[in-house]
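First listed ligand is number 1; within each ligand, the first listed atom is number 1. Only this structure's heavy atoms are used, side chains among them; waters, hydrogens and symmetry mates stay out.
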Amino acid sequence: MTRYEEAKKRYAAYGIDTDAAIEKLKNIPVSLHCWQGDDVGGFDSKDALSGGIMTTGNYPGKATTPEELMMDIDKVISLCPGKIKLNLHACYAIFEDGEFADRDQLQPKHFKKWVEFAKERGLGIDFNPTFFSHPMVKDGLTLSSPDETVRRFWVEHGKACIRISQYFAEETGIPCVMNIWAGDGYKDIPADRMGPRLRYKKSFEEIIAEPHDPALVKPCVESKVFGIGVESYTAGSAEFTLNFAATHEGVLPLMDNGHYHPQEFVSDKIPALLCFFPELALHITRGVRWDSDHVVLFDDETKEMAKEVVRNDALDRVYMALDYFDASINRIAAWTMGFRSWQKALLNAMCLPNKQLKELQDAGKFTELFVKQEEAKLLPFADVWEHYCEVCGVKAGSEWFDEVQAYEKEVLSKRG
Ligand code: RNT
Ligand code: ZN
């Protein structure tokens with residue numbers, strides 16, 4: 001008997017069908033963020049990354065052109081099991097030679113090459129307007145700016161992105177999740193905390209008023225507790241964004257697990273929101289002490305988040321996207337490791353005796369629940385994971401890293 005067959009039997013004893021879990025996971029889309037490939041640089045400006053976020057590290061071989069970035073994404077795809085969806089930011093617009101369009105003027109045609117890329121590979125596309133790294137970010141503000149010229153510019157950007165999202169969905173035949181994160185806020189104590197939020201609200205309402213098919217374009221709003229340079233106040237706080245989504249039909253709340261206080265856990269927030277929202281979205285990241293966007297690992301909170309999606313039967317209600325950027329290690333490895341970690345977390349969650357454990361909880365058998373939860377941790381998950389990788393035609397274990405090293409030698413190290 002193979003190791004997988006042996007493992008399958010042991011899982012079956014707990015009423016877990018590992019074959020079914022593998023078949024299911026293969027078809028669950030997870031968004032792969034294009035911005036791990038170039039440290040959130042993009043192609044539309046030479047400006048350094050700004051607006052409350054920062055990439056650290058200087059590992060050689062970063063993609064600097066659309067061709068390089070696409071090539072790197074292909075490498076990552078070849079190393080990851082599961083179903084990938086592409087996640088783009090507006091700053092990754094691709095212009096013809098000599099052509100340029102500012103963020104408020106972006107058009108679907110500036111993303112034609114991405115659509116071709118996605119269609120050739122059968123991928124859906126998610127999208128993000130880019131409210132940072134741009135001279136029109138004035139005093140750290142965009143959609144909540146008191147300067148009407150600034151605010152309008154960014155509203156027009158948002159509307160342009162709705163049109164581009166609609167284009168992505170129509171072209172690929174897969175709905176496009178369009179996430180709005182604006183890092184608007186103040187470094188020091190504000191004199192008016194409500195004004196910026198009212199302007200943010202108005203701006204967001206103007207953006208979503210742009211005609212779109214709600215079945216194809218899913219606007220989200222992402223909260224954040226603070227950012228670099230905006231430590232004292234952020235307009236898009238948790239309460240603000242959650243209430244916005246709750247009161248605006250078709251708008252989804254997006255939770256990034258790096259955007260809360262260190263003792264708050266998104267794993268606990270997922271079921272809370274599922275009680276109210278038909279759909280919601282996640283940015284999966286790993287904050288070390290703060291929103292540091294380290295590479296996602298197969299760690300406890302990552303597992304716990306996946307469990308909440310899986311055991312609440314919400315895989316079709318939760319849009320899952322990765323969001324981290326580490327420039328201190330090989331970027332292809334960082335990308336791959338994070339994607340694979342979330343795949344592991346999902347598969348692990350599908351291979352737990354969720355029904356039995358829930359029954360123990362409801363029956364008040366807490367001692368037994370405690371014992372069984374611990375026991376389940378040592379089921380032969382590694383064998384199921386390896387089999388899943390095999391079924392998906394990718395390498396298991398750390399063998400994929402050999403390919404990353406070869407790619408570094410042949411491709412990345414030759415980049416200027
Ligand atoms: C920033 C937010 C946001 C960005 C991406 C690039 O703190 O998490 O989602 O990381 O839009
Ligand atoms: Zn995020």
Exercise for review: Would you mind checking which non-hydrogen protein atom is closest to atom 4 (C) of ligand 1, with the distance to 0.1 Å?
Suggested key: Asp323 OD2, 3.5 Å
Check your understanding: Identify the closest protein heavy atom to atom 9 (O) of ligand 1: which residue and atom is it, and at what distance?
Key -> Glu222 OE1, 2.7 Å
**Study point:** Ser145 versus Arg151, side-chain donor and acceptor atoms under 3.5 Å
**Key:** no
Review point. Would Arg103 and Asp44 pass as an ion pair if we require N to O under 4.0 Å?
Key: yes
Check your understanding: Is there any N or O on His283 that sits under 3.5 Å from an N or O of ligand 1?
Key -> yes
Review point. Taking the non-hydrogen atoms of His33, is any one of them nearer than 4.0 angstrom to ligand 1?
Key: no
Check your understanding: Once rounded to 10°, what is the value of the angle centred on the Zn ion (ligand 2) between Asp323 OD2 and His283 ND1?
Key -> 90°
Exercise for review: For atom 7 (O) of ligand 1, grab the closest protein heavy atom and report residue, atom and distance to one decimal in Å.
Suggested key: Lys224 NZ, 2.7 Å
**Study point:** Atom CG of Asn27 with >12 non-hydrogen neighbours under 6.0 angstrom
**Key:** yes
Point to revise | Heteroatom distance test (Asn128, ligand 1): nitrogen or oxygen, under 3.5 angstrom | key: no
Review point. Any N or O of His89 that comes nearer than 3.5 Å to an N or O of ligand 1?
Key: yes
Exercise for review: Among Tyr167, Phe127, Tyr92, find the one that has a ring pair (Phe, Tyr, Trp, His ring centres under 6.0 Å) with Phe111.
Suggested key: Phe127
Practice item. Determine whether any heavy atom of Tyr324 lies closer than 4.0 Å to an atom of ligand 1. Key: no
Review point. Using heavy atoms and a threshold below 4.0 Å, how should the contact between Thr285 and ligand 1 be classified: side chain, backbone, both, or neither?
Key: neither
Point to revise | Minimum-distance atom from the Zn ion (ligand 2) among N, O or S atoms of Asp256 | key: OD2
